[in-house]
Structure formats: C-alpha cells, structure tokens
Amino acid sequence: MRIRTAAPLALVAATALAGSLLATAVPATAAAHQGGLHFGTIQYDGPGKDDRSKNSLNAEWVNIHNNGKKKVQLKGYKVKDNTGYTYTFGSYTIGAGKTVKLRTGKGKNVSGTVHWNRGSYVWNNTGDKARLIKPNGKLQDSCSWGKSTKANKGVKNCH
C-alpha cells in the first residue's frame, strides 16, 4: 500500500520540481509587442500640480498605436475610463506603425495628436482603466494601473 501512494506523491513532487526548475531556467522577458491597434503609453498623472490649466490637462494623455501593416480609420472608435468619460474619434486615419496621442485638454488637432477638449481630468491618479472600443462596441484593448508614485511618475506602459 505504501508504495502505491508514495509513487503518485513522488511523481507529483517531481513534476512540481521540474516545473519550477523550468520556470526559473527560462529568462524573464517583456511581454510581446501587441499586434494591431492598442494602447501604448499612458500619462495618467501629468507632471506638476493638477490646476486644470490647459498645460496641466494636456499633460494627461494616452497613446494609441497601430502595430498593423495597414492604416486604420478610427472614426467611431471610443476611449473610455472607469467612470464612463468617453472620447469618440471623428475622421482620423492612423498609419501602419504610427501612434496618435489623445490629450485630455483643449487644443488644435494635428497629425499624431488629437484633443479631448475637456476642462477637467479623465484619468484617476489613484488607479483607473482605459478601454479602446471598436465602432461595433467590441473591446479592442484595455490597460489598467494603480496609484501614481514617485517610482512610476504617473506613467503606464501598456505594451
């Protein structure tokens, strides 16, 4: 009887040991760069004091990157936070391998930068989640973060 119960236990222990050895033998690597349209870097807590000035509001932004091989028309795509604040893209084409920065504050839209035109902040410095939603309502990508600290400087790399 002991041999029968010991053998399965030994097999489980050996399997667990082998799995842990394999896990430590594989070098740690960064997550693979996501394909297609996705969030890149998010500056959710802009540098300096949160005083609702144009500069302060525009220091809060999200990058959307097109890692695909073709340009993408963003008309109808939405960016949302946990509270439900929503930005809906008008006609904007993002080229293959290009990034568009969505700034919270007011300003003139130019190639590579669009503005939400808000007078108040969107992204919570204590933690939030950005969602990129396709025109058909399906989730394309999301990125969440915790509290802004001196170490992370209010920046989240979503790749």
Side-chain angles (χ1 to χ4, degrees), residues 19-20 22-159:
S20 66
L22 284 174
T24 56
V26 176
T29 58
H33 193 77
Q34 185 175 345
L37 203 57
H38 65 277
F39 287 116
T41 304
I42 297 179
Q43 175 76 59
Y44 60 90
D45 184 7
K49 186 176 180 180
D50 287 349
D51 60 7
R52 291 192 182 191
S53 68
K54 178 181 174 182
N55 287 340
S56 179
L57 288 165
N58 282 325
E60 183 183 86
W61 47 264
V62 301
N63 277 345
I64 299 168
H65 184 69
N66 177 7
N67 197 35
K69 297 183 187 295
K70 295 180 180 178
K71 62 184 177 182
V72 176
Q73 174 53 252
L74 294 179
K75 187 173 185 175
Y77 274 83
K78 297 177 187 302
V79 175
K80 289 180 91 169
D81 78 333
N82 274 343
T83 307
Y85 293 125
T86 305
Y87 174 83
T88 304
F89 276 91
S91 183
Y92 187 92
T93 301
I94 182 171
K98 300 294 182 183
T99 298
V100 60
K101 182 173 285 189
L102 170 59
R103 294 186 179 274
T104 298
K106 297 177 181 178
K108 182 180 178 185
N109 293 344
V110 294
S111 180
T113 303
V114 295
H115 293 82
W116 202 314
N117 290 316
R118 290 186 46 87
S120 59
Y121 301 96
V122 173
W123 310 112
N124 293 322
N125 299 348
T126 55
D128 209 337
K129 184 175 185 176
R131 292 168 184 81
L132 179 61
I133 301 167
K134 295 178 180 182
N136 66 8
K138 291 186 179 182
L139 183 67
Q140 173 73 28
D141 191 23
S142 67
C143 182
S144 57
W145 56 88
K147 186 176 180 178
S148 176
T149 65
K150 286 184 181 180
N152 66 31
K153 298 178 181 166
V155 176
K156 173 68 177 190
N157 185 348
C158 302
H159 294 258

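Source: prediction; values computed, not measured.
Atom-to-atom distance recorded for W61:CH2 and T104:OG1 is 11.0 Å, nearest 0.5 angstrom. Rounded to the nearest 0.5 Å, atoms NZ (K98) and CG (N67) are 13.0 Å apart. Note that the CZ atom of R52 and the CZ atom of R118 stand 8.5 Å from one another [nearest 0.5 Å]. Atom CD of residue E60 and atom CG of residue N124 lie 8.5 Å apart, to the nearest 0.5 angstrom. Distance check, rounded to the nearest 0.5 Å: NZ of K54 to NZ of K106 gives 10.0 Å. Remark: T86 OG1 to I133 CD1 distance equals 7.0 Å, nearest 0.5 Å.
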If you apply the rule side-chain contact (heavy atoms from CB on, under 4.5 Å), what do you find for V122 with T83, and how did you get there?
CA-CA 8 Å; V122 173; T83 307; over 6 Å; no
In sequence, state the C-alpha distance, the side-chain angles, and the governing distance for W123 and V62, and then conclude on side-chain contact (heavy atoms from CB on, under 4.5 Å).
CA-CA 10 Å; W123 310 112; V62 301; 3.7 Å; yes
Given side-chain contact (heavy atoms from CB on, under 4.5 Å), test N125 with K147 step by step and report yes or no.
CA-CA 6 Å; N125 299 348; K147 186 176 180 178; over 6 Å; no
For a side-chain contact (heavy atoms from CB on, under 4.5 Å) check, start with the C-alpha distance between S56 and D50, then their side-chain angles and the critical distance, and finish with the verdict.
CA-CA 6 Å; S56 179; D50 287 349; 4.1 Å; yes
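Between T99 and I64, every side-chain heavy-atom pair lies at or beyond the 4.5 Å cut-off. In this structure the side chain of L102 reaches within 4.5 angstrom of the side chain of Y87, judged on heavy atoms. The side-chain heavy atoms of L74 and V100, taken from C-beta on, include a pair separated by under 4.5 Å. Side chains of I94 and L37 form a contact here, defined as non-hydrogen atoms less than 4.5 Å apart. Between L139 and R131 there is a side-chain heavy-atom pair separated by less than 4.5 Å. Looking at S142 and L132, their side chains never come closer than 4.5 Å, going by heavy atoms from C-beta outward. Here the side chains of S91 and Q73 are in contact, with some heavy-atom distance below 4.5 Å. With a 4.5 Å cut-off on side-chain heavy atoms, V155 and T41 count as touching.
With N58 contributing its side chain and N55 its backbone, the two residues share no donor-acceptor pair below 3.5 Å. Side chain of H65 to main chain of N63: no donor-acceptor pair is present (N/O by atom type, distance under 3.5 Å, no hydrogens or angles).
Scanning all heavy atoms of the two residues, the minimum distance from N66 to G95 falls at ND2-O, 3.2 Å. Considering all non-hydrogen atoms of both residues, H115 and K108 come closest at CE1-O, 3.2 Å. Across A130 and F39, no two heavy atoms sit closer than the pair O-CE1, 3.5 Å. Contact detail for C158 and I42: the closest heavy-atom pair is SG-CD1, 3.7 Å.
Using cut-offs of 30° and 60° on the angle between ring planes, the pair F89 and Y92 is tilted.
In this structure, a donor-acceptor pair under 3.5 Å is absent between the side chains of S120 and Y85. Using a 3.5 Å distance cut-off with no hydrogens or angles, the side chains of D45 and S148 do pair a donor with an acceptor. Judged purely by distance below 3.5 Å, without hydrogens or angles, the side chains of T88 and K78 pair a donor atom with an acceptor atom.
Atom NZ of K80 has 12 or fewer neighbouring heavy atoms from other residues, nucleotides or ligands inside a 6.0 Å radius.
The cationic atom of K156 (NZ for Lys, CZ for Arg) does not lie both less than 6.0 Å from the six-membered ring centre of W145 and within 45° of the ring axis.
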